[in-house]
Amino acid sequence: MAIKAKLNGGIILLQAEIGWLDDPRVFRVNQLPAHSDHEFYRSEEEYQEGKSSLKQSLNGTWKFLFSQNAKARPVDFYKEDFDVSQMDDISVPGHIEMAGYDTINYVNIQYPWEGKEYRRPPFAPSSEGQREDLFSGAEYNPVGSYRLEFDVEEALRGKKLSLFFEGVEQAVYVWLNGKFIGYAEDTFTPSEFDLSEVIRDTGNVLAVEVHKRSCAAYLEDQDFFRFFGIFRDVSLLARPETHLNDLWIRPLYEPETNSGKVNIKMKFEGNIKGYVDYRILNQQGDAVLQSDAVLQDDLEVTVPMPDTVIPWEYGNPYLYKLELCVMDDKGELVEIVPYEFGFRKIEIKDKVILLNGKRIIFCGVNRHEWSAESGRCIGEKERQWDMACMKRNEINAVRTCHYPDQIPWYYMCDKEGIYMIAETNLETHGSWGKAGCLDATWNVPGSVPEWEEMTLDRARTHFEVFKNHTAILIWSLGNESYAGETLRRMNDYYKETDPDRLVHYEGVFFYPEYKETISEMESRMYAYPKDVREYLEKDGSKPFILCEYMHDMGNSMGGMKSYMDLIDEYPSYQGGFIWDFIDQSLWVTDMVTGKKVLRYGGDFDDRPTDYEFSGNGIVFGNRVEKPALQEVKYYYGKYNK
């Protein structure tokens, strides 16, 4: 549930409760509602420079203490007079394990505590006798206690301020100046908290307590290394006196006539007096449309494009730019909001997925965010390399396995014309996939009411943050989480909220009762070519994609032709996404030779582990292309037109 604190004279009364870790019904406390990821600038000069005075980075060196469990953590570390001399230094963003604390651990399907501690999800079937302090009372559930002292930059002072975490794994409590601010889960989507009632111009003490595991762990059982900590950017955001809080751009395109119109929904906060001037620029920077509207809390306009439009697609990712200038009632500029978007239409006709009226072929990969130096904490250098590698090897699509990526990646895919299946932060593989068999006796979220709202919140946050990105053609409900009423409701949410995109989910394959109500496409993993043919010839009620195929582990990729031939045989077969893009491996210094070498799961004395199963990319963890990539480029180059 989302819990909101009460304010009394500006003081937050709600106190943090350690038991929230154990209750799937509590997953966000005092968080601001999720909203679009748009940038905003105070002046035309800032906008042209691309640097906003309304944003202050809090990345850098923080104070830090590591504890083995919640009982051993320094419970008073958030107090302003806490003695920090006993604390270490740590870099933010970054994983706690990569800073030398705790154990590096890789597992695929099973939960990382299997074989060590008996746990079942609260309220789930077959969970009788489960202890109540499942995570808060565990002997092993590490805690990272972070502190940062900072001053607010001059340009942000006197404005409403919020604290923005782009990603924290896995459960986080936040205090400022000794006052409890809020609590968050959902590792891979942003969490934002209002600080306006507590923050000072100078001498602020920010305290952040991160727990490695909570009930969220059951929903975040992705095939990856299990890290924790503040691993994405942290920022202060200042909202001017009138602020565009949320923006939804819906470009509506008709391929038959090359005509388009734009529906723009805006939510404002603060002093709602004045007007908004909006214009649309083409790729050459010329204004093709300009108008204005009187400010309202919720403002919606729909404007037809005056000329034929150029559609967005791979090979020609044509982007227009919306510029919004928020003006006060005196005609003075308050803020500028730019956003690039493209016209494209994704639909299903005659059991074929069409983009802009033409059959689309996904020559795709699944991509974890990864660096051999820093794990899932990556930067611009890695993103640029990944994009360049995809383009030179004829890869036109990416599935964000199995969580939302860093915000800049979506902008890059917009700009470069990479088709996206955007995946919700959900995988519960270990709750139903057991040692070579299916056993859903304690599956979550399934149809368990107590897990429904937590799961749906992940879909809502995912949509609200990324809804404006042209590259997203398909929303994915998540990965390998079986099925049930909660997944059905997620499917309904995406379709009702965003009818312009398609919805994907593979796990319903194991629960065919839901096939008519979950996923608009038949999606499978590692089906043989004969299985694809059998479906398309005997059923064929939906278009078919392989959301994972060609599992590139060891000397793999040799049978790619047998899959690519299906593209010529069956119009409803729409290609697939190779598993996966990059090995999850880490640089370590070998104790014997003294040389840097790449290590995989199991090489860190981690148990349980799935060993070298972390290495199935078409590039090595150090971003050296594997020979298998030649096969990818050859076949994707033939069909990626």
Distance to the ring centre below 6.0 angstrom and angle to the axis at most 45 degrees; does that hold for [X] and [Y]?
X	Y	result
Arg367	Trp409	yes
Arg392	Trp385	yes
Lys79	Trp175	no
Lys626	Phe620	yes
Arg28	Tyr183	no

Non-hydrogen side-chain atoms of [X] and [Y] separated by less than 4.5 Å:
X	Y	value
Val92	Tyr146	yes
Tyr403	His368	yes
Leu598	Leu586	no
Asn443	Tyr218	no

Regarding [X] and [Y], does a basic nitrogen lie under 4.0 Å from an acidic carboxylate oxygen?
X	Y	answer
Glu169	Arg376	yes
Glu506	Arg524	no
Glu373	Lys596	yes
Asp590	Arg599	yes
Arg383	Glu369	no
Arg458	Glu185	no

For Arg226, the option from Asp102, Asp610, Asp221 that meets salt bridge (charged side-chain N to carboxylate O under 4.0 Å, His left out): Asp221
Ring center gap for Tyr528 and Tyr549 short of 6.0 angstrom: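 Ring-ring flag for Tyr528/Tyr549: false, centres at least 6.0 Å apart.
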Residue pair Glu423 / Asn479, side-chain donor-acceptor N/O under 3.5 Å: no
Residue pair Asn616 / Trp579, side-chain donor-acceptor N/O under 3.5 Å: yes
Which residues share a side-chain hydrogen bond (donor to acceptor under 3.5 Å, both in side chains) with His504, sequence neighbours left out: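 With sequence neighbours excluded, His504 shows a side-chain hydrogen bond (donor to acceptor under 3.5 Å, both in side chains) to Ser476, Ser523, given in chain and number order.
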